Amino acid sequence: MAETGSSVPRRQLGRLLRQSREEAGINLEAAARTLEWSRAKMYRLEAGHTSLRTHDVNLMCQLYGTSTDLTEVLVSLARESKSRGWWHAYGDAIPAWFELYVGLEAAACHIRQYEPNLIPGLLQTPEYMSAVFETKPGRTPQEVAQKVALRMERQKLLARRSPAAPLFETIVDEAVLHRPLGDVEAWRAQLAYLVNATQATNIRVRVLPSSIGPHRASVAGNFVLLDFPAKGTRPAEPTTVYSESMTGSIYLDRRSEVETYSSAWETLWDLALDQRASEDLVGAVIKETFDD
């Protein structure tokens with residue numbers, strides 16, 4: 001798990017423990033009371049937000065009456081969730097609420113991102129990243145540099161060989177292309193990078209024209225859909241929707257929630273220019289910067 005980190009096994013463990021509790025007919029409050037834990041702790045564990053000791057997993061399995069085979073699987077997942085992903089080396093540069101996402105992103109086989117406000121993080125140049133991170137008041141140059149380094153490390157997943165790099169598809173609102181950096185040369189470099197990135201077979205970029213009126217995702221803001229591969233005999237993790245705000249993030253994986261966002265994605269993908277037309281539009285914006 002050195003490459004993908006602990007997020008996926010931790011989330012699998014939480015989901016299986018929740019299913020075991022529900023199948024045993026024990027509600028969350030009753031389980032927390034018996035285990036002498038708070039309800040909040042139980043929620044965090046079942047949501048995969050924190051790791052569990054193997055001893056605690058055994059206690060929960062005894063309470064829920066899980067089979068010997070399932071208990072072994074759960075204990076094994078608890079051990080896997082202890083492994084540390086590469087991002088732990090960045091310490092405070094990565095907020096606690098974002099750590100889960102980095103692990104899920106690294107484990108995904110297909111990433112779909114709708115971005116109405118910025119160049120997608122996985123396709124940003126260092127200069128663009130710096131401009132984004134500098135918008136937070138009081139952030140020091142050292143903190144900005146650390147966050148840039150973290151994002152550049154994340155970008156490596158698009159070029160990795162083992163495990164295979166994920167398919168990355170993104171839809172960028174045309175308005176983003178007309179929201180330049182103060183440094184014209186850096187902005188041209190960013191736009192060129194956006195176009196050149198699509199030369200990789202696993203990267204697809206489409207631009208949503210400004211001429212498109214209100215659509216299904218107009219009220220949603222940015223969102224990411226993450227699909228995961230099966231691992232050995234374990235089934236694939238459920239597709240997850242991730243959405244970020246200024247103070248935190250949400251993760252959705254219920255079927256109805258995922259279907260709503262997947263449907264919105266398909267609508268946006270159809271409304272957006274195809275890749276060739278998108279590249280031409282970005283090229284025209286680059287030309288405009290030279291004319292200015």
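All figures in this text were calculated on a predicted structure; none of them were measured in a lab. Quick note: residue numbers are just sequence positions, from 1.
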Enquirer: Can you list everything that forms a side chain to side chain donor-acceptor pair (under 3.5 Å) with E29? Sequence neighbours excluded, please.
Expert: R39
Enquirer: Answer yes or no: is there a donor N or O on one side and an acceptor on the other, between the side chain of R21 and the main chain of I26, under 3.5 Å?
Expert: yes
Enquirer: Connecting only ILVMFWY residues whose side-chain heavy atoms lie within less than 4.5 Å of each other, what is the rest of Y43's hydrophobic cluster?
Expert: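 None, because no other hydrophobic side chain comes under 4.5 Å of this residue.
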Enquirer: Evaluate the side-chain proximity of E127 to D183: yes if any heavy-atom separation is below 4.5 Å, no if none is.
Expert: no
Enquirer: Consider side chain to side chain contact (heavy atoms under 4.5 Å, CB included). Of L70, L52, T54, which one does V75 pass it with?
Expert: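 That would be T54; it is the only one of L70, L52, T54 passing the side chain to side chain contact (heavy atoms under 4.5 Å, CB included) with V75.
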Enquirer: For the atom pair NE2 (H178) and OG1 (T289), what is the distance rounded to the nearest 0.5 Å?
Expert: 11.5 Å
Enquirer: With a 4.5 Å limit on heavy-atom distance, are the side chains of E105 and V224 in contact?
Expert: no
Enquirer: Is it the case that one hydrophobic cluster holds both V102 and I111, taking links as side-chain heavy atoms less than 4.5 Å apart, direct or via other members?
Expert: yes
Enquirer: Looking at every non-hydrogen atom in both residues, tell me the closest pair between L35 and M60 and how far apart they are.
Expert: CD1-CG, 3.8 Å
Enquirer: Counting only N and O atoms by type, is there a donor-acceptor contact under 3.5 Å from the side chain of T239 to the main-chain atoms of F228?
Expert: no
Enquirer: Looking at R10 and G48, would you say the former's side chain and the latter's main chain have a donor-acceptor pair under 3.5 Å?
Expert: yes
Enquirer: Of the non-hydrogen atoms in A175 and S210, which two are nearest, and what is the gap between them?
Expert: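 The pair with the smallest heavy-atom distance is N-OG, 3.9 Å.
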Enquirer: Is a donor on one side and an acceptor on the other found under 3.5 Å between the side chain of R151 and the backbone of G121?
Expert: no
Enquirer: Between the side chain of D173 and the main-chain N/O of V176, is any donor-acceptor distance below 3.5 Å?
Expert: no
Enquirer: Please identify each residue that fulfils ring pair (Phe, Tyr, Trp, His ring centres under 6.0 Å) with Y64, with sequence neighbours left out.
Expert: none
Enquirer: Between D227 (side chain) and C109 (backbone), is there a donor-acceptor pair under 3.5 Å?
Expert: no
Enquirer: The criterion is ring pair (Phe, Tyr, Trp, His ring centres under 6.0 Å); which residues satisfy it with W265, sequence neighbours excluded?
Expert: W269
Enquirer: Can you tell me how far the CZ atom of R18 sits from the CG atom of L13, to the nearest 0.5 Å?
Expert: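 Atom-to-atom, R18:CZ and L13:CG are 11.5 Å apart.
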Enquirer: With clusters defined by side-chain heavy atoms of hydrophobic residues (ILVMFWY) lying less than 4.5 Å apart, directly or transitively, does V195 cluster with Y193?
Expert: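 No, Y193 does not connect to V195 through the hydrophobic network.
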Enquirer: Rounded to the nearest 0.5 Å, how far apart are CG of D280 and NZ of K287?
Expert: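 Interatomic distance, D280 CG to K287 NZ, rounded to 0.5 Å: 13.5 Å.
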Enquirer: Quick one: does T170's side chain have a donor or acceptor within less than 3.5 Å of a partner on Q113's backbone?
Expert: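 Checked: pair present.
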Enquirer: Mind checking ring pair (Phe, Tyr, Trp, His ring centres under 6.0 Å) for Y114 and listing every partner two or more places apart, or none if nothing turns up?
Expert: F223
Enquirer: What's the separation between atom CG in N222 and atom OH in Y242, rounded to the nearest 0.5 Å?
Expert: 8.0 Å
Enquirer: Identify the two heavy atoms, one from R160 and one from P166, that lie closest to each other, and give their separation to 0.1 Å.
Expert: NH2-CD, 4.0 Å
Enquirer: Under a 3.5 Å distance rule, please check whether S278 uses its side chain to pair with a backbone N or O of L273 as donor and acceptor.
Expert: yes
Enquirer: Drop me the distance from R276's CZ to L281's CG, to the nearest 0.5 angstrom.
Expert: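 Spacing of CZ (R276) from CG (L281) equals 13.5 Å.
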Enquirer: If Ile, Leu, Val, Met, Phe, Trp and Tyr residues are connected whenever their side-chain heavy atoms lie under 4.5 Å apart, and connections chain through other members, are L225 and V205 in the same group?
Expert: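 Unlinked, L225 and V205 end up in two clusters.
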Enquirer: For a quick test of reading the model, state the closest non-hydrogen atom pair linking P209 to E174 and the distance between them.
Expert: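 Heavy atoms only, the tightest pair is CA-OE1, 3.4 Å.
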Enquirer: Tell me whether E185 is salt-bridged to R188, with the criterion being a basic N under 4.0 Å from an acidic carboxylate O.
Expert: yes
Enquirer: With sequence neighbours excluded, give me every salt bridge (Lys or Arg N to Asp or Glu O under 4.0 Å) pair touching residues 250-264.
Expert: R11-D253
Enquirer: Quick check: closest heavy atoms across P116 and G221, and the distance to 0.1 Å?
Expert: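 That would be CG-C, 4.1 Å.
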Enquirer: Would you say T135's side chain and A131's backbone share a donor-acceptor pair under 3.5 angstrom?
Expert: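 No, T135 side chain to A131 backbone: no donor-acceptor pair under 3.5 Å.
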Enquirer: Let me confirm one number: the CH2-CZ distance from W37 to R44, rounded to the nearest 0.5 Å.
Expert: 11.0 Å
Enquirer: Going by distance alone, is a donor N or O of one side chain under 3.5 Å from an acceptor N or O of the other, for T125 and Q190?
Expert: yes
Enquirer: Are V144 and V132 connected in the hydrophobic side-chain network, where two residues link if heavy atoms are under 4.5 Å apart?
Expert: no
Enquirer: Between Y128 (side chain) and L123 (backbone), is there a donor-acceptor pair under 3.5 Å?
Expert: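 A pair under 3.5 Å: no.
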Enquirer: With hydrophobic residues grouped by side-chain heavy-atom distances under 4.5 Å, do M129 and V172 end up in a single group?
Expert: no
Enquirer: Identify the two heavy atoms, one from A272 and one from L208, that lie closest to each other, and give their separation to 0.1 Å.
Expert: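 Looking at all heavy atoms of both residues, the closest pair is N-CD1, 3.9 Å.
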Enquirer: Just wondering, more than 12 heavy atoms not from R204 lying within 6.0 Å of its CZ?
Expert: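 Open.
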Enquirer: Indicate yes or no: does K136 engage E143 in a salt bridge with an N to O separation below 4.0 Å.
Expert: no
